Amino acid sequence: MRTGSVPLTDLDGGFDLQATLESGQTYLWTREDGATYAADGARGGDAWYSTVVDGEVIRVRQRDDLLEWESTTDAESRLFDLLALDDDLPAIRAGANDDDLIRAAYERYWGLRIVRDPFFGCLVSFICSAQMRVSRIHGMQLALAREFGTAYTVGGETFRAFPRPDQLAARTEGELRELKLGYRAPYVQRTAEMVADGEAHPREAVGLPYEEARESLTRFVGVGDKVADCVLLFSLGYLQAVPLDTWIRSAIAEHYPECDRGNYAKTSRALRERLGGEYAGYAQTYLFYYLRARGE
DNA sequence: ATCCAGGATGTAT
DNA sequence: ATACATCATGGA
């Protein structure tokens, strides 16, 4: 294993690994101490997290102002990409609407970055997210990796990659239901087939104007506007995407009632402008984590 | 027991 | 285009 470390004081705006990985954006990392993601956003700890990307095992942990990593390859540039370490956080925040709520959320979780997940794992994660809590979505993705993903053994420890499209496409709906995916099982199976067969691929959305990209992703089974927004935001680099989930919808009702325009597209557009346009997805994600931690 | 969780789909209007 | 029922599962 190669090792290295990134001095976080060099980054624009610092970094918070726990907030980034446990805030419900990504479900493709494993916390090695076995602790479940803190639903209340409890801070602290310097746990190791691991993932497998393109056949390379990557482990990271944060110790104060140092991000330590260990990997089967030189992982530094990969980490900059996956964890958006090159995003200019102060500039992003400066471009956001600065009301009391947004300010509080940014201050509480400062250093949280919008991840850039591998697209297939992200797509499946958010198909599974329908009417599910964060901890269970994570559990589903770990189960998919454990049952159907390729194993890599390094230093006596085994790491499981998230399954490739063909690996999931080869499973039956029944096998996926055994992992407690419920009614999402056929969605995952059919979407995996679409990608494996070359019928469609999430990356075809890249480069399209934002709302066209969202529409493009809804061709996958189990993907509506909300899940499409999550994939755009957490995998494909569309930082203006504002997913409207139940938490954000209640926040709209309580704090931004004028943004409720009746349907998804118009409401999302209104909230996007309200939250700061180009980087509205950042404010949305800080807000989501903040509100969920407070249990509102 | 009832409600709810990062919703989507099929059908009727 | 919009309204509605239906879909699994488990924790509060």
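Not measured: the values here are computed from a predicted model. Chain letters run A, B, ... following the sequence lines, proteins first and then strands; every chain starts at 1.
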Polar side-chain atom of A/Thr218 near backbone of A/Glu215 as donor-acceptor pair, under 3.5 Å: yes

Checking A/Arg61 against A/Trp69: charged group under 6.0 Å from the ring centre and within 45 degrees of the axis? no

Starting at atom CD1 of A/Ile248, determine the distance to atom C1' of B/dA5, rounded to an integer number of angstrom. 14 Å

Suppose you measure atom P in B/dA8 against the same atom in C/dG11; what distance do you get, rounded to whole Å? 24 Å

For a quick check, tell me whether the side chain of A/Arg184 and the base of C/dC7 share a donor-acceptor pair closer than 3.5 Å. no

Nearest-angstrom distance, C1' atom, B/dG6 to C/dA5: 22 Å

In whole angstrom, give the distance that lies between atom CE of A/Met140 and atom P of C/dT9. 9 Å

Would you say the side chains of A/Tyr49 and A/Asp33 form a donor-acceptor pair under 3.5 Å? no

Can a side chain N or O of A/Thr246 be found less than 4.0 Å away from OP1 or OP2 on B/dG7? yes

Please state whether the phosphate of B/dG7, meaning OP1 or OP2, lies under 4.0 angstrom from any side-chain nitrogen or oxygen of A/Gln131. yes

Check the distance between B/dA5's P and A/Asp245's CG and give it to me in whole angstrom. 9 Å

A/Phe288 on top of B/dG6's base, within under 5.5 Å and under 30°? yes

If each of A/Tyr187 and A/Tyr27 is mapped to the nucleotide of DNA chain B with the nearest heavy atom, which maps nearer the 5' terminus, i.e. the 5' end? A/Tyr27

A side-chain contact here means heavy atoms from C-beta on lying under 4.5 Å apart; do A/Gln240 and A/Leu233 qualify? no

Quote, to the nearest angstrom, the C1' distance that separates C/dG10 from B/dT9. 23 Å

Find the distance A/Tyr264:OH to C/dA3:P and express it as a whole number of Å. 17 Å

How is A/Gly24 classified with respect to the nucleic acid when contacts are heavy atoms under 4.0 Å: base, sugar-phosphate, or nothing? base

A/Arg177 side chain near C/dA8 phosphate (N/O to OP1/OP2, under 4.0 Å): yes

Of all the choices, C/dT2, B/dG7, B/dG6, which nucleotide is nearest to the side chain of A/Asn263 once you look at every atom? C/dT2

A/Arg59 pairs by salt bridge (Lys or Arg N to Asp or Glu O under 4.0 Å) with which of A/Glu32, A/Glu157, A/Glu68? A/Glu32

Name the pairing partner of B/dC3, where a pair is Watson-Crick or G-U wobble with both distances under 3.5 Å, or state none. C/dG11

Distance, rounded to the nearest Å, where A/Met132 contributes CE and C/dA12 contributes P: 14 Å

Round to the nearest Å and state the distance from A/Glu215 atom CD to B/dA8 atom P. 12 Å

Rounded to the Å, how far apart are A/Leu181 CG and C/dT9 P? 10 Å

In terms of side-chain heavy atoms of A/Gln25, which of C/dA8, B/dG6, C/dT9 is nearest? B/dG6

Look up atom CZ in A/Arg292 and atom CG in A/Leu287, then write down how far apart they are to the nearest 0.5 Å. 12.5 Å

Which whole number of Å gives the distance between the C1' atom of B/dA5 and that of C/dA3? 22 Å

Give the rounded distance in Å between these two atoms: OH of A/Tyr183 and C1' of C/dG10. 13 Å

